[in-house]
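Report on one structure; see the data block that follows.
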Amino acid sequence: MMGMLATIAFAATAQAQETPATLGASNHAVDVAIAPPGGSPTFADEFSGKRIDPANWRFDTSRNRAGWYNNERQYYAPANTPANARVEKGALVIEARRETPKGPDAGGQAYTSARIVSTRPMGYGFYDIRAKLPCGRGIWPALWMLPPNGTWPAGGEIDILELVGYEPGLVHATLHSAAFNHARGTQRGGSLKMRTACGEWHRYQLDWKPDSITIGVDGRGYMRVDNDQPGGQAAWPFDRPFNLIMNVAVGGDWGGKMGIDDTRFPQSMKVDYVRYWQYR
């Protein structure tokens with residue numbers, strides 16, 4: 001799915017969310033056990049402090065004035081906007097609200113939210129993100145990854161978790177590259193029916209290795225893509241570190257396909273922790 005590392009990185013980040021209603025793919029479904037390695041994680045944010053740690057996360061507001069891609073309807077708030085992003089009761093809260101943004105970079109939006117990006121890129125390893133997702137027509141929470149520079153889709157994209165609110169019992173995991181992406185109708189991914197996807201805590205997990213990427217929930221991988229296709233970087237750009245992104249979008253070509261239910265705001269995604277074990 002969905003940036004001040006470099007100007008070119010903004011383009012990669014924004015374009016990566018050009019997602020039509022057909023984004024979800026179930027052509028690489030599996031059912032396998034996955035688990036983090038033993039020992040302490042290489043990086044972890046338990047969100048146990050009083051604020052979002054700027055050493056770990058930055059706020060992406062790069063497309064507010066021009067408007068975000070996918071015809072999304074939200075304005076992403078800057079840092080120090082606790083209505084949209086805060087630490088509360090030991091969890092990160094990203095909250096989408098039905099309101100007119102007050103920032104000088106507002107582009108006529110009627111909704112506010114937040115999009116935060118890891119300050120450090122991370123590569124091969126096991127990622128474990130415990131989160132509670134919002135639901136409701138027009139809500140589009142995501143946990144995903146992009147490289148710090150380059151263009152989309154050539155740079156690649158890893159969607160660890162996406163949910164569109166009009167399908168509250170279905171989560172999606174998808175990979176994009178130059179040769180395999182939704183614009184071509186060749187995206188590779190999987191979907192999982194999960195009755196408690198909305199409003200209950202789950203662990204969204206990524207097992208990223210040089211020869212495969214497996215994505216799952218609560219210790220079971222439901223999507224795996226192997227590095228077994230010709231084409232070099234066009235098929236497998238997943239050989240360098242990416243940045244982790246967490247956001248709640250509103251509307252858009254996929255998330256807003258069935259409209260937006262304004263009676264359901266505010267809507268919040270909560271993240272208990274982000275943990276990453278680097279593979280060496």
Side-chain angles (χ1 to χ4, degrees), residues 1-3 9 11-32 34 69-70 117-118 121-129 131 140-164 170-192 194 203-217 220-247 249 252-255 276 279:
M1 193 183 180
M2 339 204 258
T13 300
Q15 292 173 14
Q17 266 196 294
E18 293 176 353
T19 43
T22 56
L23 174 63
S26 294
N27 50 8
H28 284 72
V30 295
D31 182 10
V32 296
I34 58 174
Y69 288 90
N70 306 309
V117 183
S118 65
M122 296 173 279
Y124 300 139
F126 196 96
Y127 300 73
D128 192 347
I129 306 170
W140 187 359
L143 308 169
W144 57 298
M145 303 186 75
L146 286 176
N149 51 55
T151 58
W152 189 93
E157 175 181 342
I158 302 172
D159 297 321
I160 303 171
L161 171 281
E162 289 183 277
L163 180 145
V164 290
L170 191 64
V171 296
H172 306 271
T174 316
L175 299 187
H176 298 281
S177 67
F180 299 96
N181 61 77
H182 66 266
R184 291 173 171 258
T186 56
Q187 70 270 35
R188 299 177 290 184
S191 300
L192 178 68
M194 196 164 67
R203 295 163 62 206
Y204 298 96
Q205 298 166 313
L206 164 65
D207 190 3
W208 182 2
K209 300 175 180 177
D211 59 354
S212 66
I213 289 177
T214 306
I215 296 174
V217 180
R220 298 299 301 182
Y222 69 90
M223 187 280 284
R224 173 176 288 168
V225 176
D226 293 325
N227 181 11
D228 61 358
Q229 296 298 307
Q233 287 285 305
W236 195 263
F238 310 109
D239 57 359
R240 60 171 173 149
F242 282 30
N243 291 93
L244 176 65
I245 306 170
M246 301 186 286
N247 66 275
D253 297 330
W254 193 25
Y276 164 64
Y279 290 152

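The basis for the numbers below is simple: all heavy atoms, side chains too, and nothing from hydrogens, waters or symmetry mates.
Side-chain rings of W254 and H172 approach one another, their centers coming within less than 6.0 Å. In this structure, W152 has its ring center under 6.0 Å from that of H182.
To the nearest 0.5 Å, atoms CZ (F242) and CH2 (W208) are separated by 5.0 Å. A distance of 8.5 Å separates CG of D128 from CD1 of I34, quoted to the nearest 0.5 Å. Taking CD from E162 and OG from S191, the interatomic distance works out to 10.0 Å, rounded to the nearest 0.5 Å. A distance of 7.0 Å separates OG in S26 from CG in L170, rounded to the nearest 0.5 Å. Atoms CG and OH, from L143 and Y204 in turn, are 8.0 Å apart once rounded to the nearest 0.5 Å. The CE atom of M145 sits 9.0 Å away from the CD1 atom of I213 when rounded to the nearest 0.5 Å.
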>> One pair to check against side chain to side chain donor-acceptor pair (under 3.5 Å): N181 and R188. What are the steps and the verdict?
In response: CA-CA 7 Å; N181 61 77; R188 299 177 290 184; over 6 Å; no
>> Between R240 and N149, is the side-chain contact (heavy atoms from CB on, under 4.5 Å) condition met? List the steps.
In response: CA-CA 11 Å; R240 60 171 173 149; N149 51 55; 3.0 Å; yes
> Given I158 and F238, is the side-chain contact (heavy atoms from CB on, under 4.5 Å) satisfied, shown in steps?
Replying inline: CA-CA 9 Å; I158 302 172; F238 310 109; 3.8 Å; yes
> Between V225 and W236, does a side-chain contact (heavy atoms from CB on, under 4.5 Å) hold up when you go through it step by step?
Replying inline: CA-CA 10 Å; V225 176; W236 195 263; 4.0 Å; yes
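Closest of all the heavy-atom pairs between S177 and A235 is OG-O, 3.6 Å. Contact detail for G255 and V164: the closest heavy-atom pair is CA-CG1, 3.8 Å. Contact detail for S212 and D226: the closest heavy-atom pair is CB-OD1, 3.4 Å. Minimum heavy-atom separation, A173 to I215: CB-CG2, 3.4 Å. The shortest non-hydrogen separation linking G221 to T214 is CA-CG2, 4.1 Å. Across Q187 and N27, no two heavy atoms sit closer than the pair O-ND2, 3.0 Å.
Contact of the V217 side chain with the R203 side chain is not registered, since no non-hydrogen atoms from C-beta on lie closer than 4.5 Å.
When the options Y279, Y127, Y124 are evaluated for a side chain to side chain donor-acceptor pair (under 3.5 Å) with D207, the one that passes is Y279. Looking at L175, V32, I160 one by one, the single match for side chain to side chain contact (heavy atoms under 4.5 Å, CB included) with M223 turns out to be L175.
Remark: A234 engages A178, A179 in a side-chain contact (heavy atoms from CB on, under 4.5 Å) (not counting sequence neighbours).
A distance-only check finds a donor-acceptor pair linking the side chain of S118 to the backbone of L244 [under 3.5 Å].
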